[in-house]
Amino acid sequence: MRTLPGLLLALVVALTLAACGGSTEESAPPATTSETQPAVGDREQAPVLEGESFGGEAIALDDFRGRPTLVNVWSSW
């Protein structure tokens, strides 16, 4: 009876790999850049954000104009 657990394990692994396999023709094509982002001229301006850097210097979102910027806003309530 030692082969039954091994056989069940092999069956579970085979089913898992089969489920992770290829795609069907019905799946949606990958989105293009024009579908996910508006044109540069159509974007709204970011709000005015100002604060202090970790070094104590004044910093503003305008300092990063024209460059991709991630703003992480959090609170510890």
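Quick caveat, the model's predicted, so the values are computed rather than measured.
- The CG atom of Leu9 lies 9.5 Å from the CG atom of Leu7; values are rounded to the nearest 0.5 Å.
- Here the side chains of Val12 and Leu8 are not in contact, with every heavy-atom distance at 4.5 Å or above.
- Here CG of Leu49 is found 11.5 Å from CG of Asp63. Values are rounded to the nearest 0.5 Å.
- No continuous path of hydrophobic side-chain contacts links Val48 to Ile59 [ILVMFWY only; heavy atoms under 4.5 Å].
- A heavy-atom distance below 4.5 Å is found between the side chains of Leu61 and Val71.
- Evaluation of the side-chain contact (heavy atoms from CB on, under 4.5 Å) rule for Arg67 yields Phe64 as partners, not counting sequence neighbours.
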